[in-house]
Amino acid sequence: MKGINFKIIASFLGLTSMMNGFFMLITEPISWFYSKEACSGILYAGLITISIGFLLWYNNRNAEKRIHKRDGYLIVTLGWLMLTLTGTLPYLLTGSIQSFPDAIFETISGYSTTGASILTDIESVSKGVLFWRSATHWIGGMGIIVLTVAILPLLGIGGMQLFVAEAPGPSTDKLHPRITQTAKRLWLIYFGYTVLEFLLLKMAGMTWFDAINHAMATLSTGGFSTKNASIAYWNNNPLIQYIIIVFMFIAGANFVLSYFALKGKTSRIYKDDEFKWYFIIVALVTVTITVLINWYQDPNLQTTIDHPKPYGSLESAFRHSAFQVLSVITTTGFVSADFTMWNHLATALMFSLFFIGGSAGSTSGGVKIVRHVIMIKNSLLELKKQLHPKAIISVRYNGSRVSRVIIFNILSFFVIYMLIFILSTIILAFLGLDFLSALGAAASCLGNIGPALGTLSPVDNFAHLNDAAKLFCSFLMLLGRLELFTVLIVITPYFWKTN
């Protein structure tokens, strides 16, 4: 195995840092418009971040222009750590968050599109910081690494290794033979959807500031809101909630399918196995929970977010069911109602969605539906082999045979995912959380979901956790966002061996 090219890694971290600083400077006019006194912190944060990035890039600009697989894994992992460390600066320098562990938590929650927060009064935070907070979602949504891949050819650097390590899901269909063109097309679709949702939310009644923040948080499946009550703030405006429902569904589907739909190849959508199961799961769970909370809800539990009760009519029950189901399965984390205050069966169904996730090739976190589909197909196949041991049959996905290597990879991922979840629950309980809260926090942070259970329910936040628990949850968010293997490989001794 070839040695690690530390110079190209440092160069790439510099590019990542400069791009992060550029987004901070874009935030500056927002801060200046709303509060001239508060703008200097974000301005200084952007300049410091760009300066750090420039020094890293400039001192390593003559590095060998080749990235090997090990370099790719290390670049992605260290790239996200660089984003996190520099991303804390706007919070710290504006004084919006004064504790470093809190700033780490909020920042990595943004970039990982988890949406969990330690802020207790969001509406008191300056508009510039709130915009930056949403921007971290949007940057992390498709991955700033993928964005940078699109400009690497200008520097004579190939980026396939980075895309493999960064792209969400077990596999990524190529839209174009060149990986840079793939990254550009994905970002154009992502940007286009964001603009479209922004315009629709503005026309539906949101202010332009709320509309752009929620559009960024929706397409990234992040969940940061500008309101303390999240989307429940607009419970009296169903149109806003339906718009977000539609775009959460889009964001949770494979972006490659959006590309084919825009090209007029709609048959690729309804023939896709994962999309079919995505639609079926959302539809079935939504209908089931609608029935449960509309006709079998305990009246004593109808105490949601101090807003109108979501069960007053069948339409309202359906809307809140669809909203919360999509919010959880796509790992967006927006809140229109407190699902932990529904009846116990509905709450259990919602918690089961923590372990499903959206589609591969989407901005969602979690296990991903494609993995579940292949695991179930493989399990059924094993049952058939018990009856017909000599039969030659294989798992098929989208009409093609799935290799045993991919099946073993998926099974390994799921086993490791569940082991980490169990171990994390134990660790969080040791760090002071009650069992239900520890269970919810582990599932939520590892799956990049946001709201959890117990004292971390959709109407609560993570502010009351101690620093050790916050930092551990931050690690889980990073681990989940990079789909376990990218981070775990880097911390194995084998990774650092040169032979």
Quick one, Thr84 with Thr107, criterion side chain to side chain donor-acceptor pair (under 3.5 Å). Give me CA distance, side-chain angles, the key distance, then yes/no. CA-CA 6 Å; Thr84 300; Thr107 303; over 6 Å; no
Residue pair Asp121 / Asn228, side-chain donor-acceptor N/O under 3.5 Å: yes
Is it true that atom NZ of Lys271 has more than 12 heavy atoms of other residues, nucleotides or ligands lying nearer than 6.0 Å? no
For Thr114 and Asn448, test the side chains for any donor-to-acceptor distance below 3.5 angstrom and give the result as yes or no. yes
Is it the case that atom CZ in Phe351 sees more than 12 heavy atoms from other parts of the structure closer than 6.0 Å? yes
Pair His372 and Phe355, ring centroids less than 6.0 Å apart: no
side-chain hydrogen bond (donor to acceptor under 3.5 Å, both in side chains) partner of Ser336, chosen from Gln241, Arg319, Gln324: Gln324
Is there side-chain contact between Val370 and Asp273, with heavy atoms separated by less than 4.5 Å? no
Do the numbers put Arg481 on top of the ring of Tyr111, so that NZ or CZ is under 6.0 Å from the six-membered ring centre and no more than 45° off the axis? no
Give me the atom names and distance for the closest heavy-atom approach of Ala337 to Trp342. CB-CZ2, 4.0 Å
Heavy atoms from other residues, nucleotides or ligands near CD of Glu382 exceed 12 (cutoff 6.0 Å): yes
Would the Phe485 and Tyr73 ring centres measure less than 6.0 Å apart? no
For the residue pair Tyr190 and Trp138, does the interplanar ring angle fall in the parallel (under 30°), tilted (30 to 60°) or perpendicular (over 60°) class? parallel
Answer yes or no on whether Arg371 is positioned over the face of Phe414, meaning its NZ or CZ is under 6.0 Å from the six-membered ring centre and within 45° of the axis. no
Can you tell me if Asn20 and Thr49 form a side-chain donor-acceptor pair at under 3.5 Å? no
Lys384 atom NZ: more than 12 heavy-atom contacts under 6.0 Å: no
Between Asp460 and Ser457, does any side-chain donor sit less than 3.5 Å from a side-chain acceptor? yes
Walk me through whether Phe334 and His214 qualify under ring-ring contact (aromatic ring centres under 6.0 Å, His included). CA-CA 10 Å; Phe334 280 141; His214 286 89; 5.7 Å; yes
Minimum heavy-atom distance Phe224-Gly110, with the two atoms named: CE1-CA, 3.5 Å
Classify the side-chain pair Thr340/Asp338 by whether it contains a donor and acceptor separated by less than 3.5 Å. yes
Are Lys368 and Glu483 close enough for a salt bridge, meaning some N to O gap below 4.0 Å? yes
Checking side chain to side chain donor-acceptor pair (under 3.5 Å) for the pair Asn398/Arg268: CA distance, chi angles, key distance, verdict? CA-CA 10 Å; Asn398 283 343; Arg268 294 289 295 268; over 6 Å; no
Would you please classify the geometry between the Phe249 ring and the Tyr278 ring as parallel, tilted or perpendicular, with 30° and 60° separating the classes? parallel
